[in-house]
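The model shown is predicted, which means the values in this text are computed figures rather than measured ones. Just follow the structure's listing: the first ligand is 1, and inside any ligand the first atom is 1.
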Amino acid sequence: MSGQRPVGSPFDAPGRPKRESSPGEEVAQRLEGSPPHAPGQGPHTAPVIAIDGPTASGKGTVALRVAEALGWHVLDSGALYRLTALACMRRGATERDPALVARLAGSLDVRFNADIWLDGERVTDAIRTEAVGNLASRVAALPEVRTALLERQRAFRKLPGLVADGRDMGTVVFPDAGLKVFLIASAEARAERRHKQLISKGISANIEDLLRDLQARDARDASRSIAPLAPAADAFELDSSALSIDQTVQQVLRWHGQKTAGRPMDSPDELAG
Ligand code: DC
């Protein structure tokens, strides 16, 4: 496979500047006033697999499939930011009023089952529009909003385990996750996937607009001062541009098995067709 990073290696492998901790991990310490939890907490703490990455990298689908395979819970943290954005739209709030947006985030009446519900209304599709995604990215840059959603996200951590996807799962929300994956794909591959997704839902979309939008969103998510989109220092990077969903899921499960058994982590190179 071309374009594959030094696979099976931590993100800080040779070729990357060595970091003591990522910006997100420093934020975790600031938010909580204490260092991130030590890896492998007490015996009753549910294990976590953190899957972070840019928009449309496929992390939502991969997280769901990994959770299904393991019989674990799943957290789509982006949905919480999208729900906050939708609540803002409905009340005419914008990122220019951080206190109001944080209040809305902290008091979201949400329910997750096969669908996603806000104030008793099914909003599974409503939160997936580009307009909601763009506002989600803007409100997600507000520290007040991230603080308001922190404990809500951690409450999803239950036995037998949790697969959590987002931008800062491995750096801020679950810094002690047993396995951290940073899932990437080229902007073109991601725009194409998003395009197919929208078309299959009967929503018309222009691939150039989608590409521009996701590049702008990546830039905003990666450059914000709080919990930016960045791999944890101990994350394993997986480029899914040339992988099927099945291959991506299998690689994450393989890494999980290896981590749990204390075996060396392997390379996903041979997975690519
Ligand atoms: O993963 P997504 O596209 O559904 O996320 C929507 C927005 O929410 C995304 O642009 C950035 C923000 N987000 C975040 O800041 N932190 C997370 N853990 C998840 C999402």
Check: Tyr81/Arg167 side-chain N/O donor and acceptor closer than 3.5 Å: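 Not at all, the side chains of Tyr81 and Arg167 share no donor-acceptor pair under 3.5 Å.
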
Side chains of Arg254 and Gln251, donor plus acceptor under 3.5 Å: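 Distance-only check passes for Arg254 and Gln251.
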
The single option from Leu80, Leu75, Val173 passing side-chain contact (heavy atoms from CB on, under 4.5 Å) against Arg152: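 Output: one option passes, namely Leu80.
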
Where is the nearest protein heavy atom to [atom]: which residue, which atom, and how far?
{"atom": "atom 7 (C) of ligand 1", "value": "Ala136 CB, 3.8 Å"}
{"atom": "atom 19 (C) of ligand 1", "value": "Ser77 OG, 3.4 Å"}
{"atom": "atom 9 (C) of ligand 1", "value": "Arg167 NH2, 3.3 Å"}

Numbered atoms and elements of ligand 1 in range of [X], under 4.0 angstrom, heavy atoms:
{"X": "Arg82", "answer": "2 (P), 3 (O), 4 (O), 6 (C)"}
{"X": "Asp221", "answer": "9 (C), 10 (O), 11 (C)"}
{"X": "Ala140", "answer": "12 (C), 15 (O)"}
{"X": "Arg217", "answer": "3 (O), 10 (O)"}

Ring geometry between Trp72 and His256 (parallel below 30°, tilted from 30 to 60°, perpendicular above 60°):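 Rings of His256 and Trp72: perpendicular, over 60°.
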
Are [X] and [Y] within salt-bridge range, i.e. N to O under 4.0 Å?
{"X": "Arg128", "Y": "Asp125", "result": "no"}
{"X": "Asp213", "Y": "Arg194", "result": "no"}
{"X": "Asp168", "Y": "Arg224", "result": "no"}
{"X": "Glu121", "Y": "Arg90", "result": "yes"}

Contact check: [X] vs ligand 1, nitrogen or oxygen atoms, below 3.5 angstrom:
{"X": "Asp165", "value": "no"}
{"X": "Asp76", "value": "no"}
{"X": "Gln153", "value": "no"}
{"X": "Arg194", "value": "no"}
{"X": "Tyr81", "value": "no"}

Where Ala227 and Val172 come nearest, the two heavy atoms and their spacing: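 Between these two residues, the closest heavy atoms are CB-CG2, 3.9 Å.
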
Non-hydrogen atom of Arg220 closer than 4.0 Å to ligand 1: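 The answer is no: ligand 1 sits nowhere under 4.0 Å from a heavy atom of Arg220.
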
